Amino acid sequence: MPPAEPLLNTPEFTVSELSQSLKRTVEDTYGHVRVRGEISGFRGAHSSGHCYFALKDESAKIEAVIWKGVHGRMRFKPQEGLEVIATGKLTTYPGSSKYQIVIEALEPAGIGALMALMEERKKKLAAEGLFDEARKQLLPWLPDVIGVVTSPTGAVIRDILHRLEDRFPRHVLVWPVKVQGEGSAEQVAAAIRGFNALPEGGKIPRPDVLIVARGGGSLEDLWSFNEEIVVRAAAESMIPLISAVGHETDITLIDFVADKRAPTPTAAAEMAVPVRSELFVEVADLARRTRAYWQRAHESRRSELRAAARALPAASDLLAIPRQRLDSAGSALPRGLKANTHAHFRRFTTASSKLTLRVLHGQIAQSNHRLTVCGERLGLSARALLHRRRDRFAGLEVRLRASKLSNAQAQRNAIARQRERTHRLAERANRALLTLLQRLDARVANSGKLLSALSYRGVLARGFALVRDEAGHPLHSADSVGPNARLEIEFADGRVAATADADRPEPRATTQPKPAASREAKPAPKRVAKPVDQGTLF
């Protein structure tokens, strides 16, 4: 078909005219609408005072805007993840060829699906005690190694490194992970557990503090840090952990379980290390204050010593009374020595008066008497003990003899029982052996009978013969016998050599089996000259 002729009278629109026409059509048709959806991508008011975000449900999303004046008058402010009912009008934005809703009123319609899931998960983990303050660890004051779990290509790691360089340069280990999308939660959890699995003093140094960082984003973008696997990995971390996910207004579940929450990744770097220059100033100030305190204390001790020295009495005054006591004791010493000597002399005289020769003879006689009495008692005791031991050994001998006889009799009885048992077992063994031999003889006889019944020689005894070729192989059909073939025929009483008839026609090759009638119609071969009664075999 020929192409349609262009309509020359169709009006032409410029892009601006067409955009304005679409704008008027949309605004006239949807001048007042109420839309229910979940707020997504809200980052607070823009620098201009306007608010830009999106309303979404399960399958669609629409851009939304709240002008500065309307936002200032609203009693209910928009928040990320809330489900709201927005009232306004639809319009278009010609600069990007999209439509949007200009919101004039906003009211809550309930918590969104993600926020509801987050709250439910938060309650569950809080019930398990993962958010308790008692579980949180203190951050090291000056860590040697800092581990960072973040994306290696984002601006977050550069901000952290730059801030650490400004404050106090430290050794930084970066574990690259995905911070958004499918599989990101598993990578973040694996990174936290991987840092904790590093051994002390290993080839790779173990971090003293961990920073889990990510830049800002919507609730969906930050959802990986609300996953249960990430929260539990952070709770299990034995290394103090700082959470620096999103901006200050963004809240994720890892913030509740982390040992410290930073509003931004830069703030996390500030929490991890102190300012080196401030430390120098503080150390210098402490040194100055220490010197000043030492000087003040030295002067104070010197003043106290001088005051104490002035308050002490003179040495002569202190030694006057002890010197007087010494003089009194020295004057009384001769009288005391004489009295002590006299007392010891009286005691010696009293003791010497008791040591006479008669007293010594009496003590010796008493000692001899006691020795004699003790000797007699010792002899009586020895004889009594010997008598008791002799009686005891005699009793033991009688018991031992009786025990020996009874033991010997018991052993004889046991030997007799074992001998009888051996005889019984030998008889049983003989009977069992005879039974076994009878069974084996019967089995051999049965096998011989079966062998005789199955042997081909029984068939030969009934008048049949076995034909073998020159190699000794049995022949089963006449077709396998060629002309002039040498044969061996076995009868029941011996073997006979024979030659096949040469006048028999050669067998014809055929692919089909020959019917039985044709086989019977074959001419009978000529008889062999040897034994006359064997012609029917061929």
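On a predicted model such as this, the values are computed, not experimentally measured, just so you know.
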Nearest atoms (heavy-atom pairs only) where Phe42 meets Pro78: CE2-O, 3.2 Å
CD1-CD1 distance between Ile85 and Ile103, expressed to the nearest 0.5 angstrom: 12.0 Å
Check: Arg167 side chain, Glu270 main-chain N or O, donor-acceptor pair, under 3.5 Å: yes
Test applied, side-chain contact (heavy atoms from CB on, under 4.5 Å); reference residue, Ile160; option that passes from Val174, Thr264, Ile211: Ile211
Under 3.5 Å: donor-acceptor pair, side chain of Asp57, backbone of Ala60: yes
Backbone N/O of Leu222 and side chain of Arg214: donor-acceptor pair under 3.5 Å: no
Closest contact, heavy atoms only, Leu139 versus Met271: CD1-O, 4.3 Å
Minimal non-hydrogen separation, Ala234 against Ile254, with atom names: CB-CG1, 4.1 Å
Any Leu90 side-chain heavy atom under 4.5 Å of Ile62 side chain: yes
Lys136 versus Phe256, closest heavy-atom pair with distance: NZ-O, 2.7 Å
Check: Ser403 main-chain N/O paired with Ser406 side-chain donor or acceptor under 3.5 Å: yes
Under 3.5 Å: donor-acceptor pair, side chain of Asp250, backbone of His247: yes
Contact summary for Gly181 and Ser224, nearest pair of heavy atoms: O-OG, 4.0 Å
Of all pairs that satisfy salt bridge (Lys or Arg N to Asp or Glu O under 4.0 Å), the ones with a partner from residues 252-266, not counting sequence neighbours: Asp255-Arg261
Distance, nearest 0.5 Å, that separates CD of Gln79 from CD1 of Ile251: 11.0 Å
Shortest non-hydrogen separation from Phe168 to Pro274 and the atoms involved: CB-O, 3.3 Å
Main-chain N/O of Leu475 paired with Ser480 side-chain donor or acceptor, under 3.5 Å: no
Verdict with supporting geometry, Leu164 and Val273, side-chain contact (heavy atoms from CB on, under 4.5 Å): CA-CA 7 Å; Leu164 291 175; Val273 295; 3.5 Å; yes
Sidechain-backbone polar pair: Ser19 side chain, Val15 backbone, donor-acceptor under 3.5 Å: yes
Side chains of residues 187-209: which donor-acceptor pairs under 3.5 Å do they make with residues two or more places apart or in other chains?
| from | atom 1 | to | atom 2 | distance (Å) |
| --- | --- | --- | --- | --- |
| Gln187 | OE1 | Lys178 | N | 2.8 |
| Arg193 | NE | Glu236 | OE1 | 3.4 |
| Arg193 | NH2 | Glu236 | OE1 | 3.4 |
| Asn196 | OD1 | Ser237 | OG | 3.4 |
| Asn196 | OD1 | Met238 | N | 2.7 |
| Asn196 | OD1 | Ile239 | N | 3.2 |
| Asn196 | ND2 | Ile192 | O | 2.7 |
| Asn196 | ND2 | Ser237 | OG | 3.1 |
| Glu200 | OE2 | Arg206 | NE | 3.3 |
| Arg206 | NH1 | Asn196 | O | 2.6 |
| Arg206 | NH1 | Leu198 | O | 3.0 |
| Asp208 | OD2 | Asp144 | N | 2.8 |
| Asp208 | OD2 | Val145 | N | 3.3 |

Side-chain heavy atoms of Trp175 within contact of Val177, under 4.5 Å: yes
Backbone of Tyr93 reached by a side-chain donor or acceptor of Gln100 within 3.5 Å: no
